[in-house]
Each structure stands twice: as C-alpha cells, then as structure tokens.
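Since the structure is predicted, the reported quantities are computational estimates derived from the model, not experimental observations.
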Amino acid sequence: MARVSQEHLDARRRQILDGAARCVSRNGFHATSMQDILRESGLSAGAVYRYFRSKEELIAAIADEAFTSIRGAFEEAARTTPPPTPDVLLGRVLRRMLIERVPGGDRQAFARLIVQVWTETLRNERLAAILDEGYSGMRRAWADLVGAYRASGQMEADVDPDHVARTLIATAQGFIAQQALFGDVQVEVLEDGLRALMSMREPKIS
C-alpha cells in the first residue's frame with residue numbers, strides 16, 4: 001500500500017477545519033452537528049474522525065490556530081527594527097486573520113466564527129484554557145514589542161507594557177466584533193483611526 005504523504009495529510013486536515021469553520025460561522029456552534037461538518041467537508045466519518053474525535057476538538061483546533069497566527073505576527077514585529085507602529089501592526093494582523101486565510105473569502109463569516117468561539121469559552125473549559133493561553137501569549141508578545149518601541153525611542157519608558165497590550169488587543173477584538181455584527185468593515189478604517197489618535201497632542205492653553 002502506498003504511503004500517504006504529509007502534504008496529503010495536512011491538506012485533508014485543512015479541508016476538515018475549513019468545512020467546520022464554514023458550518024459554525026453560518027449556523028452557530030450548537031446548531032452545527034458533526035454530520036453537517038461531514039457534508040460540508042465532503043469527507044467520510046472515518047476520514048474526519050481520524051483527525052478529530054469531536055466537534056469540540058475541531059473548534060479548539062480552529063481557536064488555537066488563530067491565536068498562533070496572531071502571536072506570530074506580534075513576535076515578528078518585535079524583531080523588526082524599528083518595529084511597526086500599532087496602526088501598521090494591527091492592520092497587518094487583521095489582514096492575516098480576516099483576508100489572507102479566510103475560507104471562501106467571507107470576512108464577516110470568519111469574524112462571526114471568532115465571536116462564537118469567544119462565547120463558547122464561557123461554558124467550555126477546554127476552549128477557555130486555549131483562550132486564556134492565547135490571550136496571555138499575545139500580552140507577552142505585546143510587552144516585548146513595547147520594549148522594542150522603547151529601545152527605538154518610539155515610546156516613553158514610563159508606560160506599563162501590559163496596559164499597552166490590553167488596549168491594543170481590545171482594539172483588535174472590537175474591530176472583529178464590528179465585522180461580525182455589521183459586515184464589511186475595512187481594515188484601512190482602523191488604520192486611519194489609529195493614526196489619527198496617535199497624532200493627538202495636548203491642547204495649548206493660552
């Protein structure tokens with residue numbers, strides 16, 4: 001029997017994850033069954049269960065993948081000299097999440113998927129642990145980035161790195177929520193708004 005290549009295995013896993021993502025973003029987590037995912041992915045039960053034993057495992061894999069991608073973008077930025085400003089970095093991260101890797105190109109559907117995963121963490125301990133680990137990883141990555149900003153003279157030394165991290169993560173989360181609720185929100189809008197806020201100065205009092 002011919003040996004199955006790793007490329008084939010990876011492609012099959014990707015096919016399953018993308019099918020599950022489409023189902024959950026369209027119908028919601030609890031209204032989606034494994035049968036729905038089988039139909040969407042076009043694979044047999046045996047093929048799907050070879051990779052994932054349950055719907056919960058599938059959603060956990062999607063969540064973990066998203067956090068890994070975001071954290072990688074932050075860590076890459078921290079290694080750049082000088083590091084990109086927050087408007088550039090958040091634009092880059094959101095494009096990677098919502099444009100470059102979205103199955104079928106439906107940004108609103110993928111944003112809805114992310115919001116549904118957030119909601120499910122309130123009742124699912126495994127997903128909550130993945131979310132907590134991913135959030136902690138992003139805060140650490142942003143803290144490293146603040147260090148790079150300080151070293152290049154882009155940010156004052158008395159700023160608490162964790163405060164910066166939490167604020168910018170909240171900005172990204174808010175943008176994703178807007179995309180999920182209202183549809184086609186352009187990344188350029190976020191970049192322009194952040195640049196405007198970053199350019200503000202204390203008013204001169206005469």
Side-chain angles (χ1 to χ4, degrees), residues 1-76 92-141 169 172-173 175-185:
M1 182 180 293
R3 185 177 181 180
V4 178
S5 70
Q6 187 61 48
E7 289 78 10
H8 175 82
L9 294 173
D10 291 344
R12 182 59 56 85
R13 186 176 187 275
R14 178 80 269 148
Q15 184 178 348
I16 297 166
L17 287 171
D18 288 350
R22 288 192 297 270
C23 283
V24 173
S25 65
R26 185 171 59 240
N27 303 323
F29 184 85
H30 294 286
T32 296
S33 68
M34 282 300 285
Q35 287 300 318
D36 294 328
I37 294 170
L38 295 178
R39 283 193 295 271
E40 188 73 29
S41 63
L43 297 172
S44 67
V48 172
Y49 283 109
R50 177 180 181 180
Y51 295 86
F52 303 100
R53 291 175 295 180
S54 66
K55 181 174 64 174
E56 286 74 16
E57 278 198 3
L58 269 165
I59 301 305
I62 291 170
D64 187 57
E65 186 179 70
F67 280 122
T68 299
S69 176
I70 297 168
R71 188 165 60 247
F74 288 160
E75 290 169 349
E76 179 184 329
R92 186 181 300 169
V93 169
L94 290 166
R95 283 188 179 89
R96 178 181 293 188
M97 283 185 64
L98 298 175
I99 298 174
E100 295 174 10
R101 68 166 304 280
V102 174
D106 191 338
R107 284 178 279 176
Q108 185 177 20
F110 189 67
R112 285 175 175 168
L113 171 67
I114 294 171
V115 171
Q116 299 219 35
V117 170
W118 289 343
T119 303
E120 187 61 18
T121 61
L122 299 176
R123 61 173 296 279
N124 185 310
E125 291 184 0
R126 181 176 182 183
L127 282 180
I130 291 173
L131 181 67
D132 184 65
E133 181 181 354
Y135 183 63
S136 297
M138 284 191 290
R139 285 169 60 188
R140 289 192 298 270
I169 291 170
Q173 289 172 324
F175 182 87
I176 292 169
Q178 283 189 32
Q179 185 70 260
L181 293 170
F182 308 119
D184 194 21
V185 183

To the nearest 0.5 Å, what is the distance between [atom1] on [X] and [atom2] on [Y]?
X   : Y    : atom1 : atom2 : answer
D64 : E133 : CG    : CD    : 7.0 Å
L38 : S33  : CG    : OG    : 8.0 Å
T32 : N27  : OG1   : CG    : 4.5 Å
R26 : D36  : CZ    : CG    : 8.0 Å
L17 : Y51  : CG    : OH    : 10.5 Å
C23 : Q35  : SG    : CD    : 11.0 Å

Exercise for review: Considering non-hydrogen atoms only, spot the tightest contact between A60 and I130 and give its length.
Suggested key: CB-CD1, 3.4 Å

Practice item. Quick one: closest heavy-atom pair of E57 and F52, and the distance? Key: OE1-CA, 3.5 Å

Review point. Ion pair present between D10 and R14, side-chain N to carboxylate O less than 4.0 angstrom?
Key: no

Minimum side-chain heavy-atom gap [X]-[Y] below 4.5 Å:
X    : Y    : value
T119 : F29  : no
I176 : L94  : yes
Y49  : M34  : yes
Q15  : L43  : yes
E56  : L127 : no
H30  : R123 : yes

**Study point:** Verdict with supporting geometry, V48 and R12, side chain to side chain contact (heavy atoms under 4.5 Å, CB included)
**Key:** CA-CA 9 Å; V48 172; R12 182 59 56 85; over 6 Å; no

Check your understanding: Any donor-acceptor pair under 3.5 Å linking the side chain of R112 with the backbone of A180?
Key -> yes

Exercise for review: Take I169 and R139 through the test side chain to side chain contact (heavy atoms under 4.5 Å, CB included) and record every step on the way to the result.
Suggested key: CA-CA 8 Å; I169 291 170; R139 285 169 60 188; 3.8 Å; yes

